[in-house]
Amino acid sequence: MFDAVIIEKNDEGQAASFRQIALDALPVGDVLVKVEWSTLNYKDALAITGKGPIVKSWPMVPGVDFAGTVVESASPDFLPGDKVLLNGWGVGEKHWGGLAGLARVSSEWLIRLPAAFSARQAMILGTAGYTAMLCVMALEHADVKLNDGPVLVTGASGGVGSIAVMLLSGLGYETVAVTGRMAEKDYLESLGASRVIQRDLFTSKSRPLEKAEWAGAIDVVGGQVLASVCAAVRLHGAVAACGLAGGMDLPLTVAPFILRGVSLLGIDSTLCPREQRIRAWDRLAGLIDVTRLEEVVSEYPLSQAVEAAHALMDGRTRGRILINVAG
Ligand SMILES: C=CC(=O)SCCNC(=O)CCNC(=O)[C@H](O)C(C)(C)COP(=O)(O)OP(=O)(O)OC[C@H]1O[C@@H](n2cnc3c(N)ncnc32)[C@H](O)[C@@H]1OP(=O)(O)O
């Protein structure tokens, strides 16, 4: 038996609970991992609270992230004792995920834990940190340079936003944080934001082109916020879009793209190719000052993951939510 959060569905709806599960209930996979640390991302909170259609197969152990140690392996790529991590690949959606003491998964989804990080540190970063890194790499690839002007981060006090602010400011970009929670101004400045501005400035319908202010942007919100950001990007700037916390719609015109040459860069961390993931984790290893990770984290035991998911959905958390699975 092992401890897990499990989401079950019946005629009355879905419910998540913390309980013991039998070993033989684990799904198929060629590697068995003892999970030590996991996390809660916005997507996990949607799954646990039932506020979004994340779960595709029932019952489901949620958790798109985990880090731990290989216990059994039928793959030539991993041996018992290897330290590994996993982000995405439909784990926690279609295949049992990381909010459990054990996970049986495909070896193709695992990567080795970078030497720069402990399992705990890797999970403070988790999918949010790796997604933020993919966004930064996309802006670099689009040639957004340090002296081109300020770079915006929306949803800045959340998991992706906090790490994005840390990474961009660490690289030397003038980083401007957009938040719905101005009470987090000091926190965002401590992460490296040179300015913190209110989300309200981006929530009204924008004109096709607004005053060109931003050299680039990382957006976790989508909807009107993303549209307003695109309309205010400078000539040949770029926006990396990775989230939909504010909605799926995109009420904008083609003006920013055809009149200012703005690029809208889609970031998908779930099915991102393995080589690109490894590059992102290598970049994180080079850029993140591990002594500063404690500034962005709140830690919960696995037994309290369901309560933490409700707090995240209600906007009562900030930064990264770390789940201590091994105890
Ligand atoms: C964590 C990464 C992933 O899960 S990537 C996986 C693949 N992508 C997806 O599944 C997309 C779905 N997920 C999202 O859209 C998420 O927004 C996200 C993944 C991009 C960000 O997740 P994160 O873990 O950073 O979420 P947080 O809850 O910690 O922070 C969210 C941030 O957005 C603000 N926000 C929430 N609701 C709204 C809204 N309706 N309108 C505008 N902004 C909203 C929230 O308050 C946080 O920022 P703040 O500074 O407080 O404004």
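Every number for a ligand or one of its atoms is a count from 1 in the order of the listing.
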Basic-acidic side-chain contact under 4.0 Å: Arg120, Glu294: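 Yes, charged N to carboxylate O under 4.0 Å.
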Salt bridge present between Glu189 and Lys185 (N-O < 4.0 angstrom):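 Looking at Glu189 and Lys185, the cut-off is met.
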Under 4.0 Å from ligand 1, counting heavy atoms only: the protein residues, by chain and number: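 Lining ligand 1: Asn41, Tyr42, Lys43, Thr127, Ala128, Thr131, Gly155, Ala156, Ser157, Gly158, Gly159, Val160, Thr179, Gly180, Arg181, Arg199, Val220, Val221, Cys242, Gly243, Leu244, Ala245, Gly246, Ser269, Thr270, Leu312.
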Aromatic plane relationship, Tyr130 with Trp281 - under 30° parallel, 30 to 60° tilted, over 60° perpendicular: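 It falls in the parallel class, under 30°.
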Leu226 reachable from Val151 in the ILVMFWY side-chain graph, under 4.5 Å edges: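 The answer is no; the residues belong to distinct hydrophobic clusters.
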Co-membership, hydrophobic cluster, residues Val178 and Tyr187, 4.5 Å side-chain: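 Shared cluster, no.
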Partner of Ile7 by side chain to side chain contact (heavy atoms under 4.5 Å, CB included), out of Val61, Val306, Val55: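 Only one of Val61, Val306, Val55 forms a side chain to side chain contact (heavy atoms under 4.5 Å, CB included) with Ile7, namely Val55.
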